[in-house]
Q: 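One structure is given below, represented as structure tokens, and several questions about it will come after.
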Amino acid sequence: WDMMKTKYGSLMERASCRQDVRYIIGELIGELNTSHTYIYGGDNKRNAEAVNVGLLGINYRADEKNNRYQITKIFTGSDWSRKAYPPLAKPGVDVNEGDFLLAVNGLDITTEKNFYSYFIDLADKQVTLTVNSKPTLEGSREVVVKPARSESAMRYIDWLEWNRQTVEEASGGKIGYIYLPDTYNGSATDFPRYFYSQTKKEGIIVDGRFNGGGLDPEIFLQRLLKKPHGYWTRRYSADQMIPALAVDAHMACLTNRYAGSGGDELPYEFRWNGMGPVIGTRTWGGLVGVSMFIDLIDGGGLTAPDYRIYNAKGEWVVENEGVTPDIVIDIDSKKMSEGYDTQLMKAVEVILKKIDENPARFPQHEDFPVDKK
């Protein structure tokens, strides 16, 4: 404490409000070099009410020549997609990519104002849009929609599906794709939706980039680690594995510097289980976990990390180190802007090579026994 007082003494003398105290405590926490150690909130104040903005679940461009906004992409989603229901993708909504948005509730929409300014306080409210395939009111039509409060889930599902379809096309249908956004409820929601339909793939990419952590990812890896121990065969039908949802596929795990906590443990355990190469960039390095959240009198709180991981040899692992991939490759920003994910395609390349070198095959069973008299 004397050392900290000497180092931060001038700051402490100037501390005249809780914000300064939080800052000082945060600086002290930084000296611990320990993950999951935070101070947050507090000093409760009255806050102004947020103003909502209605969102249509689209990308658009400004057509400066005609002073109009044109829809370039309408996000779509399945009914099971995290309750993400894009407003313009619902049945009966006659709006198409390429259409111009001419008015909302009779108010003319032009590029003279920010696009979102026309949708202030319209989230979750029925509105009437005037749209047309050309930038004029002549021949236009009106549609009633309900703008959403957020597009996050819509854009997340779109990115996920783009990755899956990219892998499907690049591998000729041989490789599946499963994204794990965390090691908690997010993956508990998404994993079953993608796992069951892809257990018969020859390869699987487990994407753990940007993984926000949560708990131990072992529960997800157990499903991928199930191997067949027997087979059923019948006439005029494809043979089946036992268990039916066993995975006999070449795999790779993607990760990056934005994956932490359980997101660190995912590639660590993937490698330990010998499931395949880890591809990407070194992870965050935060595996001193926390289960102690302490409330403070001013409405804020702090955390007290209380457990750390070590391996079977008794060695401390991952914390302040992260997991370094077997194949280090970063995102190429320019290529990504053109729709080419260098990390994802590297995984496709690696798995296709493994499939070519060691294709998965059912064992050849013996001839059917014949009883002779």
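Quick note: numbers below take in every heavy atom, side chains included, and nothing from hydrogens, waters or symmetry partners. Model, not experiment: these values are computed from the prediction. In what follows, residues are counted from 1 in the order of the sequence shown.
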Q: Is it true that Tyr60 and Val143 fall in one hydrophobic cluster, defined by side-chain heavy atoms closer than 4.5 Å?
A: yes

Q: I'd like a table of donor-acceptor pairs (distance under 3.5 Å, sequence neighbours excluded) in which one partner is a side-chain atom from residues 213-237, with atom names and distances.
A:
{"residue": "Asp216", "atom": "OD1", "partner": "Glu218", "partner atom": "N", "Å": "2.9"}
{"residue": "Lys227", "atom": "NZ", "partner": "Val247", "partner atom": "O", "Å": "3.1"}
{"residue": "Thr233", "atom": "OG1", "partner": "Asp239", "partner atom": "OD1", "Å": "2.7"}

Q: Would a 4.5 Å heavy-atom cut-off, applied to side chains only, mark Leu287 and Glu265 as touching?
A: yes

Q: Check the hydrophobic clustering (I, L, V, M, F, W, Y; side-chain heavy atoms under 4.5 Å; chains of links allowed) and say if Ile157 and Leu56 are grouped together.
A: no

Q: Ignoring hydrogens and geometry, is there a side-chain-to-backbone donor-acceptor pair from Asp264 to Gly286 under 3.5 Å?
A: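 Yes, the answer is positive, given that a donor and an acceptor are paired below the 3.5 Å cut-off.
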
Q: Should Leu55 and Phe119 be marked as a side-chain contact (heavy atoms from CB on, under 4.5 Å) after you check the CA-CA gap, both sets of side-chain angles, and the distance that decides it?
A: CA-CA 7 Å; Leu55 302 171; Phe119 294 90; over 6 Å; no

Q: Determine yes or no for a side-chain-to-main-chain donor-acceptor pair under 3.5 angstrom, with Glu97 supplying the side chain and Lys73 the backbone.
A: no

Q: Under 3.5 Å, is there a donor-acceptor pair linking the side chains of Asn67 and Thr111?
A: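 Yes, a side-chain donor-acceptor pair sits under 3.5 Å.
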
Q: Is there a path of hydrophobic side-chain contacts, each under 4.5 Å between heavy atoms of I, L, V, M, F, W or Y residues, that connects Val328 with Ile331?
A: no

Q: Are any non-hydrogen side-chain atoms of Ile71 and Leu88 less than 4.5 angstrom apart?
A: yes

Q: Using residues 99-109 as the side-chain source, report each donor-acceptor pair under 3.5 Å to any protein atom, sequence neighbours left out, with the distance given to one decimal.
A:
{"residue": "Asp99", "atom": "OD2", "partner": "Asn96", "partner atom": "N", "Å": "2.8"}
{"residue": "Asp99", "atom": "OD2", "partner": "Arg141", "partner atom": "NH2", "Å": "2.5"}
{"residue": "Asn105", "atom": "OD1", "partner": "Thr128", "partner atom": "N", "Å": "2.9"}
{"residue": "Asp108", "atom": "OD1", "partner": "Arg68", "partner atom": "NH1", "Å": "2.8"}
{"residue": "Asp108", "atom": "OD1", "partner": "Arg68", "partner atom": "NH2", "Å": "3.3"}

Q: Evaluate side-chain contact (heavy atoms from CB on, under 4.5 Å) for Asp190 paired with Tyr156, printing each intermediate quantity in order.
A: CA-CA 11 Å; Asp190 291 347; Tyr156 164 71; 2.6 Å; yes

Q: Say whether Val131 and Tyr116 are linked into one hydrophobic cluster, either directly or through other cluster members, by side-chain heavy-atom distances under 4.5 angstrom.
A: yes

Q: Main chain of Met275, side chain of Asn273: is a donor-acceptor contact present, judged purely on distance under 3.5 Å?
A: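 Not confirmed, Asn273 side chain does not pair with Met275 backbone.
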
Q: For a quick test of reading the model, state the closest non-hydrogen atom pair linking Asn66 to Pro135 and the distance between them.
A: CG-CG, 3.5 Å

Q: Just by distance, do the side chain of Glu319 and the backbone of Val288 share a donor-acceptor pair under 3.5 Å?
A: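 Side chain of Glu319 to backbone of Val288, a donor-acceptor pair under 3.5 Å: yes, one is there.
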
Q: So does Arg155 pair up with Asp158, basic N to acidic O under 4.0 Å?
A: no

Q: Contact between Ile175 and Ile355 at the side-chain level, heavy atoms closer than 4.5 Å - yes or no?
A: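 They are in contact (side-chain heavy atoms under 4.5 Å apart), so the answer is yes.
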
Q: To check you understand the geometry: which heavy-atom pair defines the closest contact between Asp326 and Arg271, and what is its length?
A: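 Looking at all heavy atoms of both residues, the closest pair is OD1-NH2, 3.3 Å.
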
Q: Pick one: which of Tyr179, Tyr177, Tyr194 meets side-chain hydrogen bond (donor to acceptor under 3.5 Å, both in side chains) with Glu161?
A: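 For Glu161, the side-chain hydrogen bond (donor to acceptor under 3.5 Å, both in side chains) test succeeds with only one of Tyr179, Tyr177, Tyr194, which is Tyr194.
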
Q: What's the shortest heavy-atom distance between Leu180 and Val206, and which atoms?
A: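 Minimum heavy-atom contact is CD1-CG1, 4.0 Å.
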
Q: Looking only at atom types and distance, does a side-chain atom of Thr34 sit under 3.5 Å from a main-chain N or O of Leu32, one as donor and one as acceptor?
A: yes

Q: Would you say CD of Glu338 has more than 12 non-hydrogen atoms from neighbouring residues, nucleotides or ligands within 6.0 angstrom?
A: yes

Q: When you measure from the side chain of Asp63 to the backbone of Gln70, do you find a donor-acceptor pair of N or O atoms at a distance under 3.5 Å?
A: no

Q: Kindly check if the number of other-residue, nucleotide or ligand heavy atoms within 6.0 Å of OH (Tyr184) is above 12?
A: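 At most 12 heavy atoms, drawn from other residues, nucleotides or ligands, come within 6.0 Å of this atom.
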
Q: Consider only side-chain heavy atoms of I, L, V, M, F, W and Y, link residues closer than 4.5 Å, and tell whether Val53 and Ile58 are in one cluster.
A: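 Hydrophobic grouping puts Val53 with Ile58.
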
Q: Take atom OH of Tyr258 as the centre, draw a 6.0 Å sphere, and report whether it contains more than 12 heavy atoms from other residues, nucleotides or ligands.
A: no

Q: With a 6.0 Å cut-off (strictly less than), is the heavy-atom count around OH of Tyr310, excluding the residue itself, greater than 12?
A: no

Q: Would you mind writing out the side-chain donor-acceptor pairs for residues 346-354 within the sub-3.5 Å range, not counting sequence neighbours?
A:
{"residue": "Lys346", "atom": "NZ", "partner": "Glu349", "partner atom": "OE2", "Å": "3.3"}
{"residue": "Lys353", "atom": "NZ", "partner": "Glu357", "partner atom": "OE2", "Å": "2.5"}

Q: Can you find a heavy atom in the side chain of Asp341 that is under 4.5 Å from one in the side chain of Met336?
A: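 A side-chain contact exists here, since the closest heavy-atom pair is under 4.5 Å.
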
Q: If every non-hydrogen atom of Lys201 is compared with every non-hydrogen atom of Glu168, which pair is closest and at what distance?
A: NZ-OE1, 2.9 Å

Q: Around atom NZ of Lys335, are there more than 12 heavy atoms from other residues, nucleotides or ligands closer than 6.0 Å?
A: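 No, because the 6.0 Å sphere around NZ of Lys335 holds 12 heavy atoms or fewer from other groups.
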
Q: Within the 4.5 Å heavy-atom criterion, are Glu321 and Trp316 side-chain neighbours or not?
A: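 Side-chain contact under 4.5 Å: no.
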
Q: Tell me whether Trp272 at atom CH2 has more than 12 heavy atoms from other residues, nucleotides or ligands lying less than 6.0 Å away.
A: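 Count not over threshold, so no.
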
Q: How are the rings of Tyr38 and His36 set relative to one another: parallel (under 30°), tilted (30 to 60°) or perpendicular (over 60°)?
A: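 It falls in the perpendicular class, over 60°.
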
Q: Is the shortest heavy-atom distance from the side chain of Val93 to the side chain of Pro87 under 4.5 Å?
A: no

Q: Less than 6.0 angstrom separating the ring centers of His365 and Phe368, yes or no?
A: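 Ring centres of Phe368 and His365 closer than 6.0 Å.
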
Q: When you look at Asn211 and Trp284, which way does the side-chain contact (heavy atoms from CB on, under 4.5 Å) test go after all the steps?
A: CA-CA 10 Å; Asn211 185 293; Trp284 176 52; over 6 Å; no

Q: Donor-acceptor pair, Asp207 side chain versus Thr255 backbone, under 3.5 Å?
A: no

Q: State, to 0.1 Å, how close Val95 and Ile74 come at their nearest heavy-atom pair, and which atoms those are.
A: O-CD1, 3.5 Å

Q: Which heavy-atom pair separates Ala259 from Gly208 by the least distance, and what is that distance?
A: CB-O, 3.5 Å

Q: Any side-chain heavy-atom pair from Ile329 and Thr342 closer than 4.5 angstrom?
A: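 Result yes, sub-4.5 Å side-chain heavy-atom pair found.
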
Q: Please report the interatomic distance CG(Leu160) to CZ(Arg193), rounded to the nearest 0.5 Å.
A: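 Answer for the CG-CZ pair, Leu160 versus Arg193, is 10.5 Å.
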
